[in-house]
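Notes follow once the structure below has been shown.
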Amino acid sequence: MVDAHRDAVEADLIRAGVRLRDVGSESFNWHDLLVLVRQSPRESALMSVMHPEVARWGQGEFLLAELIDLASLLLWAKTKDGAKNRNRPRPYPRPGVDDPGSRRVSGHAVPMNEVRDRLRALRTQNQGR
């Protein structure tokens with residue numbers, strides 16, 4: 001990891017008051033380096049390089065996105081579209097959260113008698129096992 005992200009590790013170590021060249025000394029051993037790397041805070045240079053979305057989005061950012069969504073909904077509710085429950089505003093994009101409006105379901109309607117026949121066939125098939 002140090003080879004892959006040397007600059008970020010060194011920047012975090014300098015902020016902690018040590019240098020990479022000090023690793024292996026009595027005052028800063030390999031376990032100390034391991035602890036610093038494993039416990040890197042969200043705002044660290046190492047986290048910014050390895051997981052940029054995580055580094056940028058903390059609790060405050062998620063709460064702010066929630067406020068933006070609520071304000072959008074309140075404004076939308078006072079419009080003609082809001083009164084008719086159409087063109088609902090999309091939520092502010094967040095890392096790791098899929099936009100529910102981006103998924104589309106395609107296909108065609110199936111008559112109810114065909115649905116019943118398919119379900120009956122599945123039940124019969126499962127009972128035979």
Side-chain angles (χ1 to χ4, degrees):
M1 180 185 303
V2 173
D3 289 337
H5 307 293
R6 187 178 197 90
D7 288 348
V9 171
E10 286 194 48
D12 289 339
L13 291 176
I14 290 169
R15 284 188 197 100
V18 291
R19 300 286 183 135
L20 194 55
R21 63 177 172 255
D22 298 334
V23 176
S25 67
E26 279 188 35
S27 62
F28 189 62
N29 60 36
W30 287 101
H31 180 73
D32 296 334
L33 176 63
L34 179 66
V35 170
L36 274 171
V37 167
R38 281 189 178 166
Q39 301 302 320
S40 293
R42 179 179 64 84
E43 308 83 22
S44 70
L46 185 59
M47 286 296 279
S48 295
V49 169
M50 292 182 66
H51 308 286
E53 288 298 322
V54 172
R56 290 188 324 190
W57 281 81
Q59 184 179 18
E61 288 77 15
F62 275 100
L63 289 172
L64 186 57
E66 197 67 31
L67 285 173
I68 290 169
D69 290 347
L70 287 172
S72 295
L73 282 172
L74 286 172
L75 289 171
W76 168 79
K78 295 185 176 282
T79 65
K80 289 179 183 179
D81 281 346
K84 295 180 180 181
N85 199 21
R86 62 181 183 200
N87 297 324
R88 187 182 194 95
R90 285 194 169 174
Y92 191 85
R94 295 160 175 82
V97 178
D98 289 334
D99 177 9
S102 67
R103 287 181 274 163
R104 290 269 185 220
V105 177
S106 61
H108 60 281
V110 178
M112 280 307 293
N113 60 343
E114 190 175 332
V115 172
R116 285 188 204 101
D117 292 343
R118 288 182 187 183
L119 289 173
R120 193 174 304 116
L122 281 173
R123 270 185 256 138
T124 306
Q125 185 180 22
N126 287 335
Q127 288 173 353
R129 290 183 181 174

Test: Glu10 and Arg21 ion pair at under 4.0 Å: no
ILVMFWY cluster, Ile68 and Trp57 together (side-chain gap under 4.5 Å): yes
Euclidean distance, Leu75 CG relative to Leu70 CG, rounded to 0.5 Å: 11.0 Å
Distance in Å, Leu36 CG paired with Leu46 CG, rounded so as to fall on 0.5 Å steps: 10.5 Å
Counterpart residues, side-chain hydrogen bond (donor to acceptor under 3.5 Å, both in side chains), relative to Gln59 (two or more places apart): none
Residue pair Trp76 / Pro89: nearest heavy atoms and the distance that separates them: CG-CD, 3.4 Å
Stepwise side chain to side chain contact (heavy atoms under 4.5 Å, CB included) test for Leu13 and Leu33: CA-CA 8 Å; Leu13 291 176; Leu33 176 63; 3.9 Å; yes
Derivation of the side chain to side chain contact (heavy atoms under 4.5 Å, CB included) call for Arg88 and Asp81: CA-CA 8 Å; Arg88 187 182 194 95; Asp81 281 346; over 6 Å; no
hydrophobic_cluster_shared for Met1 and Val18, side chain cutoff 4.5 Å: yes
Shortest non-hydrogen contact between Arg94 and Asp69, atoms and distance: NH2-OD2, 2.7 Å
Minimal non-hydrogen separation, Arg42 against Met47, with atom names: O-CB, 3.6 Å
Separation of Phe28 CZ from Leu20 CG (nearest 0.5 Å): 7.5 Å
Stepwise side chain to side chain contact (heavy atoms under 4.5 Å, CB included) test for Leu122 and Arg118: CA-CA 6 Å; Leu122 281 173; Arg118 288 182 187 183; 5.6 Å; no
Inter-residue atom distance His31.NE2 - Arg38.CZ, 0.5 Å rounding: 8.5 Å
Residues in side-chain contact (heavy atoms from CB on, under 4.5 Å) contact with Arg116, at least two apart in sequence or another chain: Met112, Asn113, Arg120
Where Ala8 and Val49 come nearest, the two heavy atoms and their spacing: CB-CG2, 3.9 Å
Test item: Asp12 side-chain N/O and Ser40 main-chain N/O as donor-acceptor pair under 3.5 Å: no
Straight-line distance of Asn87 CG to Lys80 NZ, nearest 0.5 Å: 13.5 Å
In one Ile/Leu/Val/Met/Phe/Trp/Tyr side-chain cluster, 4.5 Å: Val37, Trp30: yes
Backbone N/O of Arg123 and side chain of Asn126: donor-acceptor pair under 3.5 Å: no
Single-linkage hydrophobic cluster, 4.5 Å side-chain cutoff, Val23 and Ile14 together: no
Arg86 atom CZ: more than 12 heavy-atom contacts under 6.0 Å: yes
Interatomic distance, Glu43 atom CD to Arg15 atom CZ [nearest 0.5 angstrom]: 10.5 Å
